[in-house]
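In each ligand, atom 1 is the first atom listed, and ligand 1 is the first ligand listed. This chain uses plain numbering: 1 for the first residue, then up along the sequence.
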Amino acid sequence: MVSRRLQIFAITLMLFFCCRTLAQVKGNLVDDKGHFVNAHGAGVLYHNGTYYLFGEIKKGETWLVQGQQWEDYRVPAGGVSCYSSKDLKHWKYEGVALAPTKGDTSKDIDTSRVIERPKVIYNAKTKEYVMWMHVDKKDYSYSQSGVAISYKPAGPYRYLRSVKPNGNMARDMTVFQDDDGKAYLIYSSEQNKTMQVCLLSDDYLAPTKTFSRILIDRNREAPALFKSGGKYYLITSSCTGWSPNAATYAVADSPLGPYKEYGNPCQGPGAETTFEAQSTFVLPLKGKPGNFIFMADRWNKLDLPKSDYLWLPLKVDDGKVTVDGY
Ligand code: DGJ
């Protein structure tokens with residue numbers, strides 16, 4: 001009897017720790033080769049039973065761009081990496097999904113420039129995997145969204161072009177694919193003062209004329225949009241460069257808004273700095289409605305390749321979003 005109880009206790013303990021590892025990451029993730037996962041500002045594509053993680057490759061020396069009003073720390077744009085996983089715990093390195101170009105500073109994805117926050121969605125009509133990303137000059141004056149495609153989820157991706165959606169600036173961004181197959185680009189615009197949401201064309205390769213201005217004059221960035229119980233939730237950060245600040249969330253009945261703003265979803269010690277991190281993506285947990293993984297970056301501005309990650313359970317309960325730091 002005692003040993004049966006012990007057995008049950010041991011199994012419960014094991015399950016508890018397995019679930020914790022699955023849902024929580026603070027620090028670095030390690031891939032199948034024993035290397036730290038190099039995928040910052042990441043997003044996840046779930047496709048045919050596999051999770052594909054895409055993110056910025058940050059390697060090389062960090063330097064400070066002179067003459068800026070803010071701490072513009074940079075590393076060479078290393079392109080976009082891809083990792084795959086069946087269980088969100090074990091990550092296989094798939095390689096460089098989008099390679100940067102070298103030696104021509106006029107090219108969007110040259111190593112001398114900025115490639116940030118890549119996000120991939122699959123277009124079932126064209127059978128193409130479409131990657132959107134923020135491309136910029138090192139002083140962030142270019143402010144465009146770049147697009148690349150591939151016929152295989154892990155790439156390699158072919159860079160097509162960049163755009164200013166409807167003539168508007170586009171910096172920090174994400175992409176959201178709705179259940180009806182429509183996809184949207186969400187980006188910090190208008191000198192980061194206001195965000196915009198733009199419906200993408202049916203092939204996901206271009207912005208349409210349908211767009212809305214949201215979180216007007218709120219100075220938000222790092223958008224992560226997700227859907228729960230038929231509502232659309234948008235987590236964002238404030239604009240403080242690489243330094244962490246408090247996240248907030250907003251809720252709407254349509255991806256285009258209007259959005260009603262709420263406070264900080266984070267709870268527990270460190271909530272006022274999003275636990276020293278900045279949002280990048282919210283991943284739905286399959287078969288667990290209302291349960292998500294909040295994915296964020298813990299930037300190390302003086303040595304950007306040493307930035308790591310924070311993944312925490314996120315819950316939506318009766319319309320209220322919580323990210324529990326405990
Ligand atoms: C905050 C943004 O969210 C990051 O993606 C990056 O652009 C840094 N600012 C640059 O300071």
TODO: Could you tell me whether the side chain of Gln196 and the main chain of Phe211 form a donor-acceptor pair under 3.5 Å?
DONE: no

Task: Aromatic ring proximity Tyr187/Trp132, centre distance under 6.0 Å - done: no

Task: Residue pair Ser189, Arg213: steps toward the side chain to side chain donor-acceptor pair (under 3.5 Å) verdict - done: CA-CA 9 Å; Ser189 193; Arg213 300 175 70 229; over 6 Å; no

Open item on the list: Can you check which of Glu116, Gln68, Gln278, Arg171 brings a heavy atom nearest to atom 7 (O) of ligand 1?
Closed with: Glu116

Open item on the list: I'd like to know if the side chain of Lys137 reaches the main chain of Arg113, judged simply by a donor and an acceptor atom lying under 3.5 Å from each other, with no hydrogens or angles considered.
Closed with: no

Task: Minimum non-hydrogen distance to atom 1 (C) of ligand 1, winning option of Met173, Glu221, Lys301 - done: Glu221

TODO: Identify the protein heavy atom lying closest to atom 9 (N) of ligand 1, giving its residue, its atom name and the separation to 0.1 Å.
DONE: Gly241 O, 3.3 Å

- [ ] Around atom 5 (O) of ligand 1, find the nearest protein heavy atom and jot down its residue, atom name and distance.
- [x] Arg117 NE, 3.0 Å

Task: Polar side-chain atom of Trp299 near backbone of Gln278 as donor-acceptor pair, under 3.5 Å - done: no

Open item on the list: Keeping Tyr259 on the side-chain end and Pro255 on the backbone end, is there a donor-acceptor pair under 3.5 Å?
Closed with: yes

- [ ] Among all protein heavy atoms, pick the one closest to atom 11 (O) of ligand 1 and tell me residue, atom and distance.
- [x] Trp70 CZ3, 3.0 Å

- [ ] Do me a favour and list the nearest non-hydrogen protein atom to atom 3 (O) of ligand 1 with residue, atom name and distance?
- [x] Asp172 OD2, 2.4 Å

Open item on the list: Measuring from non-hydrogen atoms of Tyr140 to any atom of ligand 1, is the shortest distance under 4.0 Å?
Closed with: yes

